[in-house]
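Naming: A, B, ... by sequence-line order, numbering from 1 per chain.
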Amino acid sequence: MTDYVAGGRRLDEVPRTTEAAEALAVSRALRARLGPPAACWGMLILIASEGMLFAAFIATYYYLRFTSPEWPQDGLPAPKVLVPLILVGCLIATSVPMQLASRAARGGRLVATRLFLLAALVVQSGYFAYEVHDFQDQLRKFDIGRNAYSSIYYTLLGADHAHVALGILFNLWLLGKLARGLTTYRANATQAIAWYWHAVNLITLAVIGTLLSANV
Amino acid sequence: MAVATPPTPTAGERVDRLELMWQSRPGVLGWLTTTDHKKIGLLYFWATLVFFAAGGVEALLIRTQLSQPNEKLVSPNTYDQLFTMHGITMIFFFIIPMSTGAFGNYLIPLMIGARDMAFPRMNALSFWLFAASGIFIYTSLFLGIAPNAGWFNYVPLANRQFDTGRNIDFYSLGIIFNSISSTLTAGQFIVTIFKSRAPGMSLNRMPLFCFAYLAASLGLLFALPVLSADTILLFLDRNVGTHFFDVAHGGSALLWQHLFWFFGHPEVYILIVPAMGIATSIIPAFTQRKMVAFPLVAIAELLVVFIGFGVWAHHMFATGMPTISLVFFAAATAMVVIPSTIQVFAWCWSMVTGTARFRTPLLFIAGFIFMFVTGGLTGIMFLAIPFDQQVTDTYFVIAHFHYIIFGAAVFPLFGGMYYWFPKVTGKLYYELPGQISFWILFVGTNLLFFPMHIVGLLGMPRRVYTYSDGLGWTAYNLAETIGGYVTLVGILLLLGNLAASYFRGAPAGPDPWHGPTLEWATSSPPPDYDFPVIPKVTSAYPNWDPADRQEDRRKLAEGVLVLDEGHEQVATSPVDGLFAEIVEMPHESPWPIILALTVSLVFTMLVLQKFGVAAVMAVLCVLALLGWHSKEPQES
Amino acid sequence: MRRLLVLAPAVLFLSGCRRAQNSLEPRSHQSHVIANLFWWMMGGAWIGLALVVFLLLLSRARANRRGFGRDTEGLKPAERPGWYVVVGAGIAMPIVLLSTLFVIADLFVIRTTEAPAKSATRLTVQVIGHQWWWEVRYRGTDAVTANEIHIPVRTPVRLEVRSDDVIHSFWVPELNRKIDLEPGTTNAIELDADRVGRYRGQCAEFCGLQHAHMGMYVFVDSRAAFRRWLAHEAKPAAAPESALARRGARMFATGSCATCHTIHGTSATSNVGPDLTHVAGRTTLAAVTIDNDEQNLAAWIAHSQSIKPGNEMPDIELRGARLDAVVAYLRGLK
């Protein structure tokens, strides 16, 4: 029977990981765990699905581009390059504190987890606030209903901002939960949300890259 | 391994404790808050039968309208809604939810030796979202404003300019609504298949049924978002003033088609692959031999969906795309045939070399093979581009895909209903009416769909609400209509037989067929906790390993792997199926149905164009999600 | 001959019907090669189906031979032949057959049915699709008609198609495969008919309420007859000959008719509906829905909505003598 137990353990050594409700127990249980929890697999599914959604929007962008005689259409200006790239850089940098938060949670270090999350949240919120302002600003310059270029431009950008907003909500929820202590559930959630942010950061890079490619 | 008489007193105590842990609330409240995969499977079963009836009524109205030239049974407006809703209903509200939601939910945990899915509450959510999306879209039919531009809804016809009412908004939003449910189900299956298998069930020992469902789930996961993107763009064009599909402002009409068929082609493989999984379950049981070339069949099931992502533009051969593109897609279409031919010959050779028992389930599989091959052969004809350009958008293609869908998706579903009827109900069905129902269905569907090949070649296009006399189409159309009614008789007989057998059938026992997979190793119907002992698996046909099943009985007595300390389940490693941890599962919960209700409110406000109110409803969804995640496993 | 041998059952089905839109009665080189392709593929398909049916019947014949229950030893079937069958019949054979079909159809036959090069054709006809009628223009002339196309026999004709609204599809099966009409792009197809005759076609892409009644005729004339026809079509409308017709002409030009229709040589120049300059020369009305005779014309004008419900032409408030006048005028526009 022990042939079918992972990690060369005995049958009675298989951990019950969901029970741990304080930091030391969590770190012990999660050290014994051999792979990511179901929560992370579920987050991977969400990432795959949303990733395909963005792939479809990006494909739409390029399809419209290569079937149009001029791009951007109607002589609209191509987006600026420098400021968007700097902002994307700031957002991508938040993957570092998110990943550190994930590892801290699994290691039972509650205070570190909270601090890393907070640091990430501050940068992400700042990014989002600026982007909302910029979005409204651009809408004043050319409306979404101008032509196909403006349609896909704002749709792609808006979808990305929506996913950043969702991630910010995830972080707020997580901080709220962690305010009451550490459990396996919350450590799993930190890990899953860190994966979410890695995906959103990559997607944002792809989206901004696509929109900026109009300059080429 | 039934639970009726536990071997020792302590084993009996353990079983009692399991019963207590897994007990569900009685009555309606129990059904509304259930997270048990079996109950959810049954909910899906009943709901999809209702939609099947609706789609069938639509079909019969269409066929009756077309039985004679210049018939005036329904107006063109009604007819357009009928054929559109027929397609949408049968695909999104019958076949996908019946095969994934009903059969998949009920059987996958049983086949992999698990107690439930990986995310039980999300499973319930999938069902309630599905039911709500069906009510949402059917409301439009009752209001007389159902989608009316065909199930693939081409633009510019579906743009606001040409379709001014709310019909197409019901389409876009209904499709997105439904796809949330299917995406959740697909994700559920993928994670469960990888994480919840019984110890010892490495991937090469997983039943072919599960390989098929894994393939279909991966297909759904990667195809549905593209459809959602397409319908989002259409909703924006129609309601916000964007110009994705508006040629006058730089948009493209073909863009809709590319995005749609990128989803649409994998979708048709998603329709038939679970049914192929059902066939690969029934054949070993009714030939009492292992499937020929098991690894090839498993890979073929995955490959057909994978390659199926590369062939989409073969639905667009008449659009005037450059020849080089057409040729590329025809080549890809040729490649996608191979995994299907692999499976067909594996099935046939298994039946020839095994000891076939042609009970009703195997009869349906034989019928399925016949119809699938017929439809597949006409499908092969479509890879000849000039011929495709002659018969696309005619009744020839309607014949092709109905042979595939009715033959390759629905026949195995019927066979599966008979096959697993004893397991689900604990009773045996009546065999003779079963066989008769098969033959009536076989004759009916062939009479209904075969003449369509001919009438398509004779020039009858699709989606016409009537036709002229003197074109040579009349006799065939009448024959098809008669075939439709014969098919109806067959379906009624089948369902009637199952109903009568439910009330008066003989007791079945756990394993009436000597089936090969684990669902036959537990009682009929299975207890709430599926298995009193998590089974050990050493081969791909675990119920044919008597030594292992003996060992399970011994473990029950010793209390090993009974997992009765809570609402517990095993988690194993993804590839090798090694026992990795014990997880506490959620039990009943009201949050899935509550969340489904708030999501319905969002979609309702969107279709009424009350975007501000929709945003408020979205806040309610967030609150429901917060409630859902408020209680953690260690607190339950 | 080979057709009959291979397809006896299909021929039984197909015989005895009056065929008018039959892809298997080809009247051009393109339809011919497509039809041939079909017959060969169908022969192959019947053989493939027969093979599978044979295997199913064989399994039926061998059924129940060892009684109920499973053999765990002794009579266990050998596994290797199964692999040979699956690899041979399921992989190797299909690869060979499919490759052959692909090469023949998609590398060779397709060259015949592709859009023709401009230099390869001697006449260009433009077809513009509308909900639910076909606008037909002869490039280089003033000839404009609707729903009934005339072409000369044994002459490669380039048909350039596009749509004014939604996607339609031009399909005359006896002459060639179908081609979609899309807004914003122009597609092309070749018509090169073998013999004189009338060929029926129909819109083949769902385009709304009256998709079912968007038919067309292609009249293949002798070259001389075609030249006469085209010259006549290019002329402006014939002057009305009777007093009744003259009254009808006045009503047409000053009433609602002129808001949608053109009659060359008059003040009616709108392009919303079909050009009526030579409407009396057409054999049908409403895109091959009803025959073009006096009674049908009157019925169409007065209540087109009950003949083709949802079509763009409203019922016109004309009765009695006033209707007769307009009808008489239009019947004179040969």
**Message:** So for atom CZ, which belongs to B/Phe306, do other residues, nucleotides or ligands contribute more than 12 heavy atoms lying within a distance under 6.0 Å?
**Reply:** no
**Prompt:** Checking heavy atoms, do the side chain of B/Phe262, its backbone, both or neither come under 4.5 Å from chain A?
**Reply:** side chain
**Message:** Can you confirm whether B/Thr538 sits close enough to A/Tyr4 that some side-chain heavy atom of one is under 4.5 Å from a side-chain heavy atom of the other?
**Reply:** yes
**Request:** Name, in order of residue number, those residues of residues 163-183 of chain A that have a heavy atom at a distance of less than 4.5 Å from a heavy atom in chain B; otherwise write 'none'.
**Result:** A/Trp173, A/Lys177, A/Thr183
**Item:** Residue-level interface, residues 129-153 of chain A with chain B, non-hydrogen cut-off under 4.5 Å
**Value:** A/Ile144, A/Gly145, A/Arg146, A/Asn147, A/Ala148, A/Ser151, A/Ile152
**Asked** Does the side chain of A/Thr155 come within less than 4.5 Å of B/Phe244's, by heavy atoms?
**Response** yes
**Request:** Enumerate by number any residue of residues 194-216 of chain A whose heavy atoms lie under 4.5 Å from heavy atoms of chain B; in the absence of such residues, state 'none'.
**Result:** none
**Message:** To check you understand the geometry: which heavy-atom pair defines the closest contact between A/Tyr185 and B/His629, and what is its length?
**Reply:** OH-CD2, 2.9 Å
**Message:** Are there over 12 heavy-atom neighbours, none belonging to A/Arg65, within less than 6.0 Å of that residue's CZ?
**Reply:** yes
**Asked** A/Asp12, A/Leu53, A/Asp74, A/Leu34: which one forms the most heavy-atom pairs within less than 4.5 Å of chain B?
**Response** A/Leu53
**Prompt:** Got a second to check how far B/Leu561's CG is from A/Leu11's CG, nearest 0.5 Å?
**Reply:** 5.0 Å
**Request:** Examine whether an atom of A/Ser68 lies under 4.5 Å from a heavy atom of chain B, and if so say whether it belongs to the side chain, the backbone or both; otherwise answer neither.
**Result:** side chain
**Message:** For the backbone of B/Glu584 and the side chain of A/Thr18, can you confirm whether one donor and one acceptor N or O come within less than 3.5 Å of each other?
**Reply:** yes
**Segment of B/Gln188 engaging chain A (4.5 angstrom heavy-atom cut-off)** = neither
**Prompt:** Between B/Leu563 and A/Arg16, which heavy-atom pair has the shortest distance, and what is it?
**Reply:** CD2-NH2, 4.0 Å
**Prompt:** What distance do A/Thr60 atom OG1 and B/Asp230 atom CG have between them, rounded to the nearest 0.5 Å?
**Reply:** 7.5 Å
**Request:** Below 4.5 Å from any heavy atom of chain A, which atoms of B/Leu626 appear? Answer side chain, backbone, both or neither.
**Result:** side chain
**Request:** May I ask you to name which of B/Leu255, B/Thr192, B/Leu221, B/Val226 has the most heavy-atom pairs under 4.5 Å with chain A?
**Result:** B/Leu255
**Request:** Please look at B/Phe222 and chain A and tell me whether the side chain, the backbone, both or neither of the residue comes under 4.5 angstrom of a heavy atom of that chain.
**Result:** both
**Prompt:** Tell me, side chain or backbone of B/Leu227 under 4.5 Å from chain A's heavy atoms, or both, or neither?
**Reply:** neither
**Min side-chain heavy-atom separation B/Thr242-A/Tyr154 under 4.5 Å** = no
**Prompt:** Considering heavy atoms only, which positions within residues 40-49 of chain A lie below 4.5 Å of chain B?
**Reply:** A/Trp41, A/Gly42, A/Ile45, A/Ala48, A/Ser49
**Request:** Please answer whether the main-chain N or O of B/Gly250 pairs with a side-chain N or O of A/Gln73 as donor and acceptor at a distance below 3.5 Å.
**Result:** yes
**Asked** Does some side-chain heavy atom of A/Arg9 sit less than 4.5 Å from a side-chain heavy atom of B/Phe579?
**Response** no
**Asked** Under a 4.5 Å heavy-atom cut-off, does chain A meet the side chain of B/Val537, its backbone, both or neither?
**Response** backbone
**Prompt:** Non-hydrogen atoms of chain B under 4.5 Å away: do they reach the side chain of A/Pro36, the backbone, both or neither?
**Reply:** backbone
**Item:** Proximity breakdown for B/Leu233 and chain A, heavy-atom pairs closer than 4.5 Å
**Value:** side chain
**Complete:** Whatever's closer than 4.5 Å to a heavy atom in chain A on B/Ile232 counts as side chain
**Request:** Kindly indicate whether the side chain of A/Leu64, heavy atoms from C-beta on, has any atom under 4.5 Å from the side chain of B/Ser252.
**Result:** yes
